[in-house]
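Here's the structure we're looking at; comments come further down.
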Amino acid sequence: MSVSECAPQPVVTDPRPAPELPAGGARPQDVVVAPPTSGGEDEEDGKIKEEGELGEDEIGDHLSDLGTVTAAEHVYRSLSITQGLSPRGKSALCSYIYLQNLEVPFSKIKDLSCVSFVPHLITLDASHNDITNFFGFQPPRNLEEVNLSHNHMSEMKDLSAYPSLRRLNLDYNNFREIRGLQRCVSLTHLSLAHNRLYSTRGLNSLPLRDVSLKANQIQRVENMDCLRALQTLDLSYNRIQSLSGLQNLDYLGVINLEGNLVREIKEACHLHDLPLLRVLNLQENPVQDQPDYRLAVTFFLQRLTTLDQKEVTVEEKVSAMNKFDPPAEVVAAKDHMVHLMYHLMQPQVLLNSTLPGLDTPYPMLVLTGPQACGKRELAHKLCQHFADFFAYGTCHTTRSPYFGEVDGCDYHFASEEEFQRMTRMGKFIETIQYREHHYGLSWDAIEAAAQDGLACCVHMELEGVRSLKMSRLEPRYVLLVPTDLEAYACRLRQRGLYSHAQVQTAVARVALYVTVNRRQPGYFDNVIPCDDLREAYTMLSQVVRDYLGLDEQMAGKSTPATSAGDSLAAEKERDRDNRVFGNKVEARMVPQTTSTETAALQRRRQLAREAVAGQSAAAYTQLFSRSPVTAPGGARAVSPYQQEHRENSSPESRPSSGLSTLSLARASLEDMYDGPEPPGGLGQDPEQPADPTTTPDRSQLASRGSSSRPGADAKPILPPIPSGRRTSEP
Ligand SMILES: Nc1ncnc2c1ncn2[C@@H]1O[C@H](COP(=O)(O)OP(=O)(O)OP(=O)(O)O)[C@@H](O)[C@H]1O
């Protein structure tokens, strides 16, 4: 089937008018398109027509797509010869110079020089032939699409004469390198799959949108930076290990890297900044064996919609986020989950900090704020000043002590192993990792305060607050926040403990606290600027006095209520103020109690009352054999208001903190003694004027409580203030 080499013949169009086409379509032979330029190419070539070869006249049977050149001339624009037939002779097409589409696949063609006779050609399909000569024809100046796949070409040549070329398919040839495309300024689609390419070089600055270099021997992505219009890239079945080189292809939306040698998940980082990347295929790469491969890639490339030919689901995206960069709430939830689970795995004992009145939480005060804002100092000072009410809750940490810090006082300094062991033993309520160290508040720290009948005062970072808020404890949260960042940074530097970066981080975290406070009003019960620690302490102690109702009690001392009614009204007013905010927040947070739960709660309360009053079995007495008083308050006999309160009390209406509700604490205390008054007397007659010594203190509490109540005679124990941190009495 060889065709002899000869120069293309000049084409002369037929000047005669085309005959009328019969209705229903014309046989191609009936249409005179262009006469042969000479009579007998075959003779000229000296070839005898072989089987499967089409002569000039037979070619007409394969023409289609009739169009016009002028009003009088009709031409066929497409020639499609398949099924093993081929145009015979190099100049077999010279009669069809107006052909625009030429399809000659599966035709055993070795030489395409006949294409030189069709200068108007736009698309050429000569795939599945035996062509060895790359573009071996005179360039049709409008040639846009060429399919030369499945041939035997091995060398690309300069295609600068094909400026209109848009699509070029050279799959299944033997090319070793990409060459000669520099001037193909219209080339948008290029396929060189199944060749022997070892490099991606040679594509410089082409307007390519779709490139397939599948099944070659490429090891690296090189020189592709300039393919700024590239949208789809198929590099599957090569030997690529790194995804470097793809990071600047801003329009890239689809990358197929199946069957390569990518091993590291971190290679995905090279694709991280591709804004339009939606589809990635890394199937059959060693990286798939990495743990959490799919989640990790989903995390790195959050815009992906399809990974490894599988849709990336919303659930996967959320899981990936929660795993590799969890939002603060998720971190807190996990922390809470872990500690709750480990805690529940331990034998359950009734803690001193377990709800004293079943509907009143153990009172706690949490000072929070950025590192070194002074909260630890203030916490110590507060516990010292309000020694009858608060004990300092000493947290655990894995960091080593700073100069002057005392183990067991500032922190319990623990090794990493010890900390982890405690975690597994369910010892912690919350933990955080701050920098490279762990910090944790243990149940024991709270118990130490609770068993002395004291509220616990602790300090912690925001992360700890988040976790603590998920526990059953309902502390009061006081935010201490520096407003003068320069002074704050200065204070950090003066400590001489932190690097420049750590100072910067601490300063930056101030904004975090401010933002939380702004976006979630009520998240912190009080906000106190702490630029001046003396002023901050004054404000803090006032806040605490308000919580405890101390000032009001002092006022009550100086102007005794004129009547029981006045006293009751004042108490109601105070109680209402204390509760109003807490109730609002709580109402939003607490799910509605079902009737079953309400019934269960009532049963438990009843049992508790009976147990405390000595009316029920010893088991219940044991269960509640501890001091019910944690927040101090003036206990008294049941007043009409308290009676009303007890009747109305429900989990929904209870305040968010034990500290906020002195009256509630009293009520609950009396709930516990809602039977015969305990020895020593719980309170005083509401008809009587207020006791002139009503400022409650530890001794009063002890004297008010029943001497038979365990813990009633306990003495407050305050941790010593370490030197260097010890502050004078205010
Ligand atoms: N259990 C805990 N949970 C959460 N945060 C905690 C806990 N214990 C301590 N922190 C906080 O960890 C941070 C680092 O504590 P560290 O004692 O190392 O720094 P510091 O400079 O002494 O801070 P500060 O003076 O504010 O207490 C502090 O903000 C501290 O309040």
Side-chain angles (χ1 to χ4, degrees), residues 328 331-332 334-336 338-339 364-383 392-414 419 422-423 427-446 448-449 456-471 473 475 477-482 488-499 502-510 512-513 516 524 528 530-531 533 536-537 540 719 721-727:
V331 176
K334 271 190 188 157
D335 183 68
H336 174 61
V338 166
H339 298 308
M364 267 184 82
L365 181 64
V366 174
L367 305 187
T368 184
Q371 185 178 29
C373 68
K375 54 190 183 299
R376 178 147 45 123
E377 202 174 322
L378 293 179
H380 276 302
K381 197 165 172 177
L382 197 79
C383 292
Y392 180 82
T394 309
C395 291
H396 281 71
T397 179
T398 56
R399 78 157 165 78
S400 28
Y402 299 146
F403 181 76
E405 285 183 337
V406 179
D407 191 13
C409 173
D410 284 289
Y411 285 106
H412 295 291
F413 295 99
F419 197 92
M422 285 182 69
T423 301
K427 294 280 184 191
F428 289 118
I429 305 170
E430 60 77 36
T431 56
I432 66 159
Q433 184 169 0
Y434 189 77
R435 301 214 186 101
E436 65 275 25
H437 303 298
H438 289 101
Y439 294 83
L441 174 63
S442 67
W443 284 108
D444 289 348
I446 291 187
C456 185
C457 175
V458 294
H459 62 92
M460 60 178 62
E461 290 281 338
L462 183 59
E463 289 76 2
V465 170
R466 285 201 178 103
S467 179
L468 199 59
K469 281 199 176 218
M470 294 185 185
S471 72
L473 297 170
Y477 295 98
V478 177
L479 170 62
L480 295 156
V481 63
Y488 173 55
C490 201
R491 195 191 308 172
L492 282 164
R493 280 193 288 269
Q494 275 168 2
R495 279 198 174 186
L497 296 170
Y498 316 115
S499 68
Q502 286 171 338
V503 171
Q504 298 293 312
T505 312
V507 172
R509 280 176 62 84
V510 174
L512 181 68
Y513 286 90
V516 170
F524 306 109
I528 297 177
C530 62
D531 304 311
L533 279 194
Y537 184 74
L540 178 63
I721 309 292
S723 52
R725 289 188 177 274
R726 196 186 296 271
T727 51

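All values derive from a computational prediction rather than experimental measurement. One-based numbering along the sequence shown. In listed order, ligands and their atoms are each counted from 1.
The atoms of ligand 1 that sit less than 4.0 Å from any heavy atom of Y402 are 18 (O). Counting the atoms of ligand 1 from 1 in the order shown, those under 4.0 Å from a heavy atom of Y498 are 20 (P), 21 (O). Atom numbering of ligand 1 starts at 1 in the shown order; those under 4.0 Å from a heavy atom of R376 are 17 (O), 20 (P), 22 (O), 27 (O). Of all atoms in ligand 1, numbered sequentially from 1 with element shown, those under 4.0 Å from a heavy atom of Y411 are 8 (N), 9 (C), 15 (O), 16 (P), 17 (O), 30 (C). The atoms of ligand 1 that sit less than 4.0 Å from any heavy atom of I432 are 4 (C), 5 (N). Close contacts of ligand 1 with C395, meaning ligand atoms under 4.0 Å from a residue heavy atom, involve 1 (N), 8 (N). Of all atoms in ligand 1, listed by their number and element, those nearer than 4.0 Å to a heavy atom of E430 are 1 (N), 2 (C), 3 (N), 4 (C). Near G440, meaning under 4.0 Å from one of its heavy atoms, ligand 1 places the atoms 1 (N).
Residues Y488 and P370 come closest through the heavy atom pair OH-CB, 3.3 Å.
Between Y392 and H380, the gap from one ring centroid to the other is short of 6.0 Å.
A distance of 11.0 Å separates CG of D335 from CD of Q433, quoted to the nearest 0.5 Å.
Contact annotation: for R399 versus ligand 1, heavy atoms closer than 4.0 Å belong to the side chain alone.
Of the listed residues (R495, H380, K375), the one carrying the non-hydrogen atom nearest atom 25 (O) of ligand 1 is R495.
With H396 as the partner, the ring pair (Phe, Tyr, Trp, His ring centres under 6.0 Å) test is satisfied by one option alone out of Y411, F419, F428: F428.
The distance criterion of under 3.5 Å between nitrogen or oxygen atoms is not met by Y434 with respect to ligand 1. When only interatomic distances are considered, the shortest N/O to N/O separation between E461 and ligand 1 falls below 3.5 Å.
Ion pairing between K469 and E430 fails under the 4.0 Å rule for side-chain N and carboxylate O.
For R399 and Y402, the positive end sits near the middle of the six-membered ring, less than 6.0 Å away and at most 45° from its axis.
Using modelled atom types, one finds no donor on one side chain facing an acceptor on the other under 3.5 Å when comparing Q504 with R509.
For T394 (side chain) and H412 (main-chain N/O), no donor-acceptor pair under 3.5 Å exists by modelled atom type.
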